[in-house]
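Values reported hereafter were calculated over all heavy atoms of this structure, with side chains retained and with hydrogens, waters and symmetry mates removed.
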Amino acid sequence: MRNEVDQSRVTRHALPTRGGALLAAACLAPLVSGCTNIGYYWQSVSGQLEVWRRERPVAEVLADPAAAQALKDKLGRVLEIRAFASRELGLPDNQSYRRYADLERPFVVWNVFAAPEFSVEPLRWCLAFAGCVNYRGYFERAAAQQFAAELARQGHEVYIGGVPAYSTLGWFNDPVLSTFIHYPDVDIAQLVFHELAHQVAYAQDDTAFNESFAAVVEQEGVRRWVARAGDARQLEEFERNRRARTEFAQLVQKVRGSLEALYRTRLAAEAMRERKSALLAALEAEYRALKAGWGGVDRYDRWFTQQPNNAQLASVGLYTQLVPAFEALLLRERGDLGRFYAAVRELAALPKEQRDARLHALLPGGGK
């Protein structure tokens with residue numbers, strides 16, 4: 001799943017993939033009756049049904065004289081991207097991204113992240129079929145805000161991220177949505193490749209594994225897609241954005257590590273808060289310095305509109321912390337995506353402890 005703006009793309013995205021909407025339709029009435037939180041599952045079911053109600057075949061939209069030409073042009077390029085995904089990247093060739101739904105809102109889902117005041121580890125919620133994930137998704141922003149407010153009253157730090165797309169992991173055909181159809185073509189390609197990757201491999205109860213794998217597929221997929229198009233300007237822009245994304249993620253991970261070390265000191269609460277505040281203030285200052293070398297890339301400015309907290313930092317880490325390991329795995333397989341997918345599926349089938357050990361062993365120095 002992809003989160004709002006580029007935090008999802010450091011992040012990568014959402015969206016994904018992921019959230020309370022993930023496999024929402026699999027939790028229909030017979031299953032809902034056995035769920036402990038009927039209200040939450042019901043909003044997931046009704047939200048997914050509303051998405052389906054709004055779907056139309058892309059071919060139908062293209063033939064509709066009332067449809068805007070700009071929308072038709074975008075949908076035509078989505079079909080080209082979709083064909084490339086299966087033909088050149090070995091991603092599933094199914095009916096996903098061959099239908100279009102106009103949702104008339106900026107995001108399809110809003111994800112709620114939460115973490116204790118003195119911990120960088122996000123809370124987890126377990127969902128039927130989808131397993132346990134480190135966020136909880138809502139089809140209505142007001143519902144997400146209400147849940148976040150309740151968590152805040154319990155003393156947790158919270159963060160809400162808008163999600164333009166999510167994956168049902170191949171259980172259903174995922175549509176093109178109005179929430180991302182206006183994105184630049186490269187960003188749409190990233191999103192489609194990312195979400196289709198979730199249909200290739202999925203490790204139960206391991207958000208970081210799933211999101212990092214999909215992030216590497218989207219990176220490699222877009223690199224090949226742009227190179228094939230032969231557009232030098234587009235390739236330069238992609239590389240500039242990729243560099244910014246990597247450096248931003250590294251910066252967030254560094255500060256998150258510093259906070260983790262601080263929280264282990266068990267200082268008195270007030271002293272802990274003072275040092276924590278200084279670290280978070282330094283994060284924005286370092287970001288401004290990094291941004292100066294990005295050639296005009298400013299897509300992470302919005303991330304700082306509120307003072308970052310543990311939950312917000314965790315939302316980035318979930319999407320990026322294992323990316324270097326998956327990049328190393330792809331390099332080990334010499335860029336052969338078929339072999340790469342097979343290796344990832346093998347990892348996904350392992351117990352988490354073994355899976356993490358193998359991924360970390362791929363890194364220089366054995367991940368230490």
Side-chain angles (χ1 to χ4, degrees), residues 1-2 12-28 44-64 67-68 71-105 107-109 129-130 137 139 163-183 185-202 210-211 213-214 217-218 220-222 224-225 337-338 341 344-345 348:
M1 186 173 320
R2 306 292 296 261
R12 199 308 274 168
H13 271 224
L15 110 111
T17 173
R18 310 107 72 178
L22 188 65
L23 293 181
C27 191
L28 294 173
S44 295
V45 172
S46 58
Q48 181 64 66
L49 291 173
E50 176 63 12
V51 172
W52 284 342
R53 188 185 69 80
R54 290 173 173 269
E55 283 184 15
R56 299 170 62 191
V58 169
E60 181 180 306
V61 179
L62 293 176
D64 185 353
L71 173 61
K72 292 181 179 181
D73 292 343
K74 275 289 191 180
L75 288 174
R77 289 195 288 277
V78 170
L79 291 181
E80 294 173 3
I81 290 168
R82 180 67 185 83
F84 180 90
S86 296
R87 185 182 65 248
E88 303 294 335
L89 305 180
L91 293 170
D93 187 4
N94 52 31
Q95 291 304 305
S96 288
Y97 305 107
R98 302 186 192 281
R99 297 176 67 84
Y100 173 71
D102 186 350
L103 302 184
E104 299 182 306
R105 60 179 189 261
F107 298 107
V108 60
V109 169
F129 288 87
F139 280 95
V163 175
Y166 61 87
S167 169
T168 56
L169 309 182
W171 287 76
F172 306 101
N173 295 315
D174 302 315
V176 181
L177 299 173
S178 57
T179 51
F180 65 81
I181 192 62
H182 60 283
Y183 285 5
D185 290 355
V186 167
D187 290 356
I188 292 177
Q190 281 184 282
L191 189 148
V192 170
F193 300 157
H194 184 109
E195 301 305 338
L196 286 173
H198 286 299
Q199 298 183 24
V200 172
Y202 184 80
N210 297 323
E211 296 305 333
F213 161 62
V217 173
E218 75 172 55
E220 180 64 15
V222 170
R224 297 185 186 195
W225 180 69
L337 287 173
Y341 298 155
V344 172
R345 283 192 290 265

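Counting only distance, with no hydrogens or angles, the side chain of R99 and the backbone of W52 share no donor-acceptor pair below 3.5 Å. R98 places a side-chain N or O within 3.5 Å of a backbone atom of N94 that can act as its donor or acceptor partner.
The minimum heavy-atom distance between D174 and S96, with the atom names listed, is N-OG, 3.1 Å. Across all non-hydrogen atoms, the minimal contact from P92 to R82 is O-NH2, 2.7 Å. H198 and S167 make their closest contact through CB-OG, 3.8 Å (heavy atoms, listed as atom of the first residue, atom of the second, distance).
A distance of 11.5 Å separates NE2 in H194 from CG in L91, rounded to the nearest 0.5 Å. Atoms CD1 and OH, from I188 and Y183 in turn, are 9.0 Å apart once rounded to the nearest 0.5 Å. The CG atom of L75 lies 12.0 Å from the CD atom of E60; values are rounded to the nearest 0.5 Å. From L196, atom CG reaches atom CG of L169 across 11.5 Å, with rounding to the nearest 0.5 Å. Taken to the nearest 0.5 Å, the CG atom of L71 stands 4.5 Å off from the OH atom of Y100. Note that CD1 of I181 is 12.0 Å distant from CG of L103, once rounded to the nearest 0.5 Å.
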Task: Verdict with reasoning, I81 to Y97, per side chain to side chain contact (heavy atoms under 4.5 Å, CB included) - done: CA-CA 10 Å; I81 290 168; Y97 305 107; over 6 Å; no

Task: Criterion side chain to side chain contact (heavy atoms under 4.5 Å, CB included) on T168 and Q48, from CA distance to verdict - done: CA-CA 10 Å; T168 56; Q48 181 64 66; 4.2 Å; yes

TODO: Evaluate side chain to side chain contact (heavy atoms under 4.5 Å, CB included) for V108 paired with F180, printing each intermediate quantity in order.
DONE: CA-CA 9 Å; V108 60; F180 65 81; over 6 Å; no

Task: Verdict with supporting geometry, V176 and K74, side chain to side chain contact (heavy atoms under 4.5 Å, CB included) - done: CA-CA 10 Å; V176 181; K74 275 289 191 180; over 6 Å; no

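Checked against the 6.0 Å centroid criterion, the rings of F193 and W225 do not qualify as a close aromatic pair.
Residues forming a side chain to side chain donor-acceptor pair (under 3.5 Å) with R77 (at least two apart in sequence, or on another chain): D185. The salt bridge (charged side-chain N to carboxylate O under 4.0 Å, His left out) search around D102 returns none, not counting sequence neighbours. S46 pairs by the side chain to side chain donor-acceptor pair (under 3.5 Å) definition with nothing, not counting sequence neighbours. Here R224 pairs with F84, L89, E220, L337 under the side chain to side chain contact (heavy atoms under 4.5 Å, CB included) rule; sequence neighbours left out. Taking E88 as the reference, nothing meets the side chain to side chain donor-acceptor pair (under 3.5 Å) condition, with sequence neighbours excluded. In terms of the side chain to side chain donor-acceptor pair (under 3.5 Å) criterion, R345 has no residue partners (sequence neighbours excluded).
In this structure, the side chains of Y166 and V51 come closer than 4.5 Å at one or more pairs of heavy atoms. You'll find the side chain of L79 reaches within 4.5 Å of the side chain of L62, heavy atoms only.
In this structure, a donor-acceptor pair under 3.5 Å is absent between the side chains of E55 and N173.
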